[in-house]
Amino acid sequence: MNFSDEITNWYNANKRDLPWRNTTDAYTIWLSEIILQQTRVEQGMPYFYRFLERYPNVAAFAAAHEDDILKLWQGLGYYSRGRNMLSTARLVNEQYKGTFPTRYNELIKLKGIGEYTAAAIASFAANEAKAVVDGNVYRVLARYFGISEPINSTKGKKLFQETANSILNMEHAGIHNQAMMELGAIICKPKNPACGICPVNTGCYAFLNNAATQLPVKLKTVKVRERYLNYFLITDGDKILMKKRGMGDIWANMYDMPLIETSEMLTPHEVLQLSEAIEYFGTDAEILEVSGPVKHMLTHQRLKVNFIKIDSKKIKLQQEWFYIEVENLKKIAMPQIIFIFLTNIFTFKNNFPFSN
DNA sequence: AACCCGGGGTA
DNA sequence: TACCCAGGGTT
C-alpha cells in the first residue's frame, strides 16, 4: 500500500466523529473551516453548533448584522473571521444565488478563504483534487519526509504544498485530506507523538532517525508587545458607559469602555491627570474603586489592564460613547477580558455565549 | 517578507 | 513560559 492508502485505512478505523464530517454541504463545511482556523476542535465545536442553528444557510447568514455575528463569535478570537464571513455570505447570496461555491478557483476569491480553506471546502464538498496544508499536515510531512525547510518561510510553504500535492490521492482527495489532518492531530502530535502506533512509522524519517522533536522547523517567534490599558467604569443609575471600538486594532468593531492607553504603567491618579483624561472627565473626577492590573495575554501582545471606577459630573461624551442598561450588556460583543470583568461586577445573567 | 489579528490548552 | 491550534489579510 502507498502512503495515502495506509493513512486512509487508519483514518477509517480511528477517526473522531465530528459533525462537519457528516455533510457535503459547502455552506456547513465553510462554517466549520472558518471557525476552526487556528482554533482547537473542542473550542470551536460549540460555536459551530450555535452558528449553524442561528444561520442554517447562506441567506440567513447574509441577513445578519455585524453586531450579531460578533456577539455570537465572542470568546473565539480572531474576530476578523466573523466580519469576513458576513462579507462573503452577502456576496455568495447575491452573486451565487445563495449556493455556496465548491470549486477551488471560485472559493479562493472569497474573503477569509485562503489556500488551506479553499482546498478543504473543495475536497470535502466536491472531492476536488486539492491537497490541504494546515498545521497538522506541515508536521506530518516534515517528519515523514525529513523536511527541515522552515514551514513559515516562502520557500518552505511552497515545498510543503508541492510535497502534499505529490502524495494526494486524486480519486479520494477529501478522505485523504481528512486522514492527513487526523493523523497529525491524533498520532503525529506536536509533543510526545505516538510513533509506536503510527500506521506509517516504517517509512518515517523522524521515527527512524529519532528526530521527531526537531521537526518541523519554524522560524523565529515574533516579539511580544506590552500595552497598558486603563478602562473607566462609569455608571449612571442602572446604566454603564460603553463605546464601540474602531478598525485597525485588536477587537475591531466590538464594544468596551472608555479607555486611555499609556506607554507605561501609571497609577489611576496619574492617569486621571493626563490631558486626555481631563478632556473626558474634567479635573474633579473622583476615584471610587480600582481593580488591576489584570494581565491578559494575546498572541503578540501582553496587556496590563487597570479598571478605574470614577464619579465625574463633567463627562464629555465622545463620538462612540453611549450609556447602556446593565441588563443589556449581554446583547453586545465584548473582548473576553471586558466580558469577564463586567460579569464579575454585575453578574448579569444569561452569560452568553459561554459561562464555562 | 514582516507584521497583525484572540483565546485557550498543554508540557 | 513557550508553543500550538483544521490560517488569512495587510503593508
Side-chain angles (χ1 to χ4, degrees), chain A residues 15-16 18-21 29-48 70 73-85 87-88 107-121 123-124 131-140 150-158 160-161 164 174 177-186 188-193 213 216-225 227 245 247-254 256 295-303 333-340 353-354 356:
Chain A
K15 65 182 174 184
R16 293 168 292 179
L18 303 177
W20 42 85
R21 285 178 175 164
I29 294 169
W30 168 67
L31 195 57
S32 72
E33 289 301 335
I34 304 296
I35 286 175
L36 291 172
Q37 285 170 0
Q38 291 294 288
T39 303
R40 209 168 272 92
V41 164
E42 307 79 55
Q43 188 187 2
M45 187 94 70
Y47 288 84
F48 170 77
L70 289 176
W73 205 273
Q74 182 180 300
L76 197 54
Y78 285 154
Y79 298 94
S80 66
R81 291 182 289 172
R83 291 188 283 107
N84 286 337
M85 282 186 92
S87 167
T88 287
L107 292 162
I108 196 68
K109 299 176 190 170
L110 302 174
K111 200 170 291 184
I113 298 183
E115 287 184 42
Y116 162 76
T117 305
I121 299 173
S123 65
F124 300 158
V132 298
V133 182
D134 75 333
N136 292 306
V137 176
Y138 276 123
R139 196 163 52 247
V140 170
I151 62 174
N152 55 344
S153 69
T154 302
K155 189 177 171 188
K157 287 177 189 171
K158 189 161 178 281
F160 279 95
Q161 182 68 60
N177 282 335
Q178 295 277 14
M180 286 290 289
M181 293 193 285
E182 193 77 342
L183 187 74
I186 304 297
C188 200
K189 298 176 291 183
K191 292 182 178 174
N192 304 320
T213 57
V217 174
K218 195 171 184 178
L219 291 176
K220 58 188 181 293
T221 56
V222 188
K223 60 192 178 298
V224 175
R225 179 163 61 115
R227 297 177 72 176
R245 296 179 61 84
M247 296 291 291
D249 195 3
I250 55 175
W251 307 322
N253 290 5
M254 298 176 77
D256 59 3
K295 295 174 185 173
H296 188 70
M297 288 293 302
L298 305 180
T299 304
H300 301 308
Q301 298 182 27
R302 189 195 321 276
L303 307 181
M334 291 174 276
Q336 202 66 347
I337 188 168
I338 300 298
F339 180 78
I340 291 169
F354 306 110
N356 53 345

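Protein chains get the first letters and strands the later ones, always in sequence-line order, with residue 1 at the start of each.
A:Lys155 comes within 4.0 angstrom of no nucleic acid atom, judged by non-hydrogen atoms across all strands. Residue A:Ile34 is classed as having no contact, given no heavy-atom separation below 4.0 Å to the nucleic acid. Nucleic acid contact class of A:Trp251 (heavy atoms, under 4.0 Å, all strands): sugar-phosphate only. Using a 4.0 Å heavy-atom cutoff across all strands shown, A:Val132 reaches no nucleic acid atom at all. No engagement by A:Ser153 is indicated, since no non-hydrogen atom pair under 4.0 Å with the nucleic acid exists. At the heavy-atom level, A:Arg139 lies under 4.0 Å from the strands shown only through sugar-phosphate atoms. Using a 4.0 Å heavy-atom cutoff across all strands shown, A:Ser80 reaches no nucleic acid atom at all. Nucleic acid contact for A:Ile340: none, since no nucleic acid atom lies under 4.0 Å from a heavy atom of the residue. Counting non-hydrogen atoms under 4.0 angstrom, A:Asp249 reaches the backbone sugars and phosphates but no base. Using a 4.0 Å heavy-atom criterion, one finds that A:Gly77 contacts the bases of the nucleic acid, with or without backbone contacts as well.
Nucleotide B:dC4 holds its P atom 13 Å from the NZ atom of A:Lys220, rounded to whole Å. For A:Met334 and B:dG7, the CE to P distance is 12 Å, given to the nearest whole Å. Counting to the nearest Å, the C1' atom of B:dG7 and the CD1 atom of A:Ile337 are 12 Å from each other. Between the CG atom of A:Leu298 and the P atom of B:dG6 there is a distance of 7 Å, rounded to whole Å. Here the C1' atom of nucleotide B:dG6 and the CZ atom of A:Arg227 are 13 Å apart, to the nearest Å. A:Met254 has its CE atom 8 Å from the P atom of B:dG6, to the nearest Å. As rounded to whole Å, 12 Å separates atom P of B:dC3 from atom CG of A:Asn152. At whole-Å resolution of the value, CE in A:Met297 and C1' in B:dG6 are 11 Å apart.
At least one side-chain nitrogen or oxygen of A:Tyr79 sits closer than 4.0 Å to the OP1 or OP2 atom of B:dG7. Proximity of A:His296 to the phosphate of B:dG7: a side-chain N or O atom is located under 4.0 Å from OP1 or OP2.
Side chains of A:Arg81 and A:Gln37: no donor on one and acceptor on the other come within 3.5 Å. There is a side-chain donor-acceptor pair under 3.5 Å between A:Asn136 and A:Arg139. A donor-acceptor contact under 3.5 angstrom links the side chains of A:Tyr116 and A:Glu33, judged on distance only.
Atom CD1 of A:Ile121 is separated from atom CG of A:Leu110 by 8.0 Å, given to the nearest 0.5 angstrom. One finds the CD1 atom of A:Ile34 at 7.5 Å from the OG1 atom of A:Thr88 (value rounded to the nearest 0.5 Å).
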Listing time: all N or O pairs from protein to nucleotides 9-11 of chain B that are below 3.5 Å?
| from | atom 1 | to | atom 2 | distance (Å) |
| --- | --- | --- | --- | --- |
| B:dG9 | O4' | A:Arg40 | NH1 | 3.4 |

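A heavy-atom distance below 4.5 Å is found between the side chains of A:Pro19 and A:Met45. With contacts defined as side-chain heavy-atom distances shorter than 4.5 Å, the pair A:Val137/A:Phe160 does not qualify. Within the 4.5 Å cutoff, no side-chain heavy atoms of A:Val133 are placed close to those of A:Met180.
For A:Glu182, the CD atom counts as densely surrounded, since its 6.0 Å shell holds more than 12 non-hydrogen atoms of other residues, nucleotides or ligands.
Comparing the same atom, C1', in C:dC3 and in B:dG6 gives a spacing of 15 Å after rounding to whole Å. B:dT10 and C:dA6 are spaced 12 Å apart, taking the P atom of each and rounding to whole Å.
Residue whose closest nucleotide on DNA chain C sits further toward the 5' end, between A:Pro216 and A:Arg81: A:Pro216.
In this structure a side-chain-to-backbone donor-acceptor pair under 3.5 Å is missing from A:Arg83 to A:Leu70. Formation of a donor-acceptor pair under 3.5 Å by the A:Tyr47 side chain with backbone atoms of A:Gln74 is found in this model.
Protein chain A touches strand DNA chain C; the 5'-most and 3'-most nucleotides with an atom under 4.0 angstrom of its non-hydrogen atoms are C:dC3 to C:dG9.
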